[in-house]
Amino acid sequence: MEIYQTRPTDPREPQEIRCYDLLEQLQIPFERVDHQATDSIEECDWVSKVLGIEICKNLFLCNRQKTEFYLVMMPGKKKFETRVLSKALEVARLSFAPQELLPELLGLHPGSVSILGLMNDKENHVRLIMDRDVITKAYIGCHPCKNTSSLKIATADVMKKLLPAIHHEPTIVDL
């Protein structure tokens with residue numbers, strides 16, 4: 001499996017191309033691995049090994065009324081407990097958001113949820129929640145809005161360049 005440090009040269013979907021455009025515009029270096037579609041964090045195990053990082057688990061959640069939306073980033077191997085996050089956010093009940101809202105709110109399809117999708121959330125309808133364990137690592141692993149590639153990006157670049165540029169302030173929690 002080959003690791004690239006440049007954008008792909010073969011045809012890609014527009015949402016993926018926009019990710020590479022943004023990373024280049026912000027001068028954020030990355031490493032990239034192309035692979036078959038991965039629809040779950042378990043399918044990303046071998047990608048994590050190739051890139052030498054742990055791919056983040058990204059969950060698209062909402063409140064009971066479906067009026068507040070959350071993108072939760074946490075280490076891929078960490079178990080997600082709804083009650084812990086609900087308590088930390090002081091939200092009575094969280095659940096997985098309807099998948100049909102992904103294209104509307106983040107410009108994404110199921111299986112491709114990524115922090116980079118927040119670039120499509122111009123009106124800040126989705127609140128970014130990051131587990132503290134994610135931000136203490138040197139690198140973040142994520143998809144470029146398409147689950148047929150994975151990226152390794154320096155956490156400092158995500159926090160200091162990417163998030164300010166896309167106007168999303170993370171809420172840091174201990175899950």
Side-chain angles (χ1 to χ4, degrees), residues 1-41 43-44 47-48 50-62 68-76 96-131 134-135 137-171:
M1 172 144 305
E2 192 165 348
I3 298 175
Y4 303 92
Q5 295 178 334
T6 58
R7 69 171 40 231
T9 55
D10 58 324
R12 301 289 172 117
E13 291 186 23
Q15 73 266 26
E16 185 176 357
I17 292 169
R18 285 194 309 272
C19 287
Y20 296 115
D21 290 345
L22 179 63
L23 293 172
E24 286 178 359
Q25 175 191 345
L26 298 174
Q27 298 180 358
I28 296 176
F30 59 87
E31 292 183 12
R32 171 179 58 88
V33 172
D34 295 332
H35 48 75
Q36 295 295 318
T38 53
D39 293 323
S40 69
I41 195 66
E43 293 176 30
C44 291
V47 175
S48 293
V50 170
L51 288 173
I53 58 170
E54 184 174 4
I55 298 292
C56 291
K57 184 184 299 184
N58 294 278
L59 307 172
F60 182 51
L61 306 176
C62 65
E68 295 178 23
F69 300 92
Y70 308 90
L71 173 62
V72 179
M73 287 184 70
M74 58 189 295
F96 287 97
Q99 290 186 353
E100 58 270 11
L101 291 178
L102 267 174
E104 176 186 335
L105 294 174
L106 293 175
L108 302 173
H109 298 289
S112 297
V113 176
S114 166
I115 189 171
L116 289 166
L118 291 172
M119 71 180 183
N120 300 317
D121 181 27
K122 305 272 189 232
E123 296 178 17
N124 288 69
H125 292 295
V126 180
R127 182 174 165 193
L128 175 61
I129 311 298
M130 298 177 84
D131 182 87
V134 169
I135 65 168
K137 305 283 187 212
Y139 294 95
I140 287 177
C142 64
H143 293 306
C145 296
K146 185 72 178 151
N147 64 352
T148 55
S149 291
S150 294
L151 303 177
K152 175 181 178 179
I153 304 172
T155 304
D157 285 338
V158 169
M159 302 303 286
K160 295 177 184 171
K161 293 181 181 180
L162 177 68
L163 294 179
I166 60 175
H167 309 290
H168 277 77
E169 181 75 26
T171 298

Step-by-step side-chain contact (heavy atoms from CB on, under 4.5 Å) determination, Val50 to His35: CA-CA 11 Å; Val50 170; His35 48 75; over 6 Å; no
Intermediate values then yes/no, side-chain contact (heavy atoms from CB on, under 4.5 Å), Ile115 and Ile153: CA-CA 11 Å; Ile115 189 171; Ile153 304 172; over 6 Å; no
side-chain contact (heavy atoms from CB on, under 4.5 Å) between Leu61 and Phe69, intermediate numbers included: CA-CA 6 Å; Leu61 306 176; Phe69 300 92; over 6 Å; no
Asp21/Met119 under side-chain contact (heavy atoms from CB on, under 4.5 Å): CA gap, chis, key distance, verdict: CA-CA 11 Å; Asp21 290 345; Met119 71 180 183; over 6 Å; no
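In terms of heavy-atom proximity, Ile53 sits nearest to Gly141 at CD1-CA, 3.4 Å. Between Gln15 and Cys145 the shortest heavy-atom distance is CG-O, 3.5 Å. The two residues Cys56 and Ile140 have their closest heavy-atom pair at SG-CG2, 3.9 Å. Between Pro110 and Gln99, the shortest heavy-atom distance links the atoms CG-OE1, 3.4 Å.
The backbone N or O of Pro144 lies less than 3.5 Å from no partner atom in the side chain of Ser114, so there is not a single donor-acceptor pair. In terms of modelled atom types and a separation under 3.5 Å, the side chain of Thr155 and the main chain of Lys137 share a donor-acceptor contact.
Glu169 meets the side chain to side chain donor-acceptor pair (under 3.5 Å) test with no other residue; sequence neighbours excluded. Applying the salt bridge (charged side-chain N to carboxylate O under 4.0 Å, His left out) test to Glu16 and every residue at least two apart in sequence or in another chain returns Arg12. The side chain to side chain donor-acceptor pair (under 3.5 Å) search around Asp157 returns none, not counting sequence neighbours. Legend: residues meeting salt bridge (charged side-chain N to carboxylate O under 4.0 Å, His left out) with Arg32, ordered by chain and number and at least two apart, are Asp34. For Glu104, there are no salt bridge (charged side-chain N to carboxylate O under 4.0 Å, His left out) partners at least two apart in sequence or on another chain. With sequence neighbours excluded, the residues satisfying side-chain contact (heavy atoms from CB on, under 4.5 Å) with Ala37 are Asn147, Thr148. Scanning for salt bridge (charged side-chain N to carboxylate O under 4.0 Å, His left out) contacts around Glu13 gives Lys146, with sequence neighbours left out. For His109, there are no side chain to side chain donor-acceptor pair (under 3.5 Å) partners two or more places apart in sequence or in a different chain. Looking at residues two or more places apart in sequence or on another chain, you find a side chain to side chain donor-acceptor pair (under 3.5 Å) between Glu68 and Tyr70. Residues passing the ring pair (Phe, Tyr, Trp, His ring centres under 6.0 Å) test with Tyr139, sequence neighbours excluded: none. Not counting sequence neighbours, the partners of Tyr20 by the ring pair (Phe, Tyr, Trp, His ring centres under 6.0 Å) test are Phe30.
Atoms CD1 and CG, from Ile55 and Leu151 in turn, are 8.5 Å apart once rounded to the nearest 0.5 Å. Note: His168 NE2 to Leu71 CG = 8.5 Å, rounded to the nearest 0.5 Å. Note: Asn58 CG to Ile129 CD1 = 12.5 Å, rounded to the nearest 0.5 Å. Distance check: Leu163 CG to Leu118 CG gives 7.5 Å after rounding to the nearest 0.5 Å. Note that the CD atom of Glu31 and the OG atom of Ser150 stand 12.5 Å from one another [nearest 0.5 Å]. With rounding to the nearest 0.5 Å, the separation of CG in Asn124 from CD1 in Ile166 is 9.0 Å.
Taking a cutoff of 4.0 Å between a charged side-chain nitrogen and a carboxylate oxygen, Arg7 and Glu24 qualify as a salt bridge.
Residues Leu162 and Leu22 meet the side-chain proximity criterion, which asks for heavy atoms closer than 4.5 Å. Contact of the Leu128 side chain with the Met73 side chain is registered, since non-hydrogen atoms from C-beta on lie closer than 4.5 Å. Counting heavy atoms from C-beta on, the side chains of Arg18 and Pro14 come closer than 4.5 Å.
Counting only residues at least two apart or on different chains, no salt bridge (charged side-chain N to carboxylate O under 4.0 Å, His left out) pair has a member in residues 111-128.
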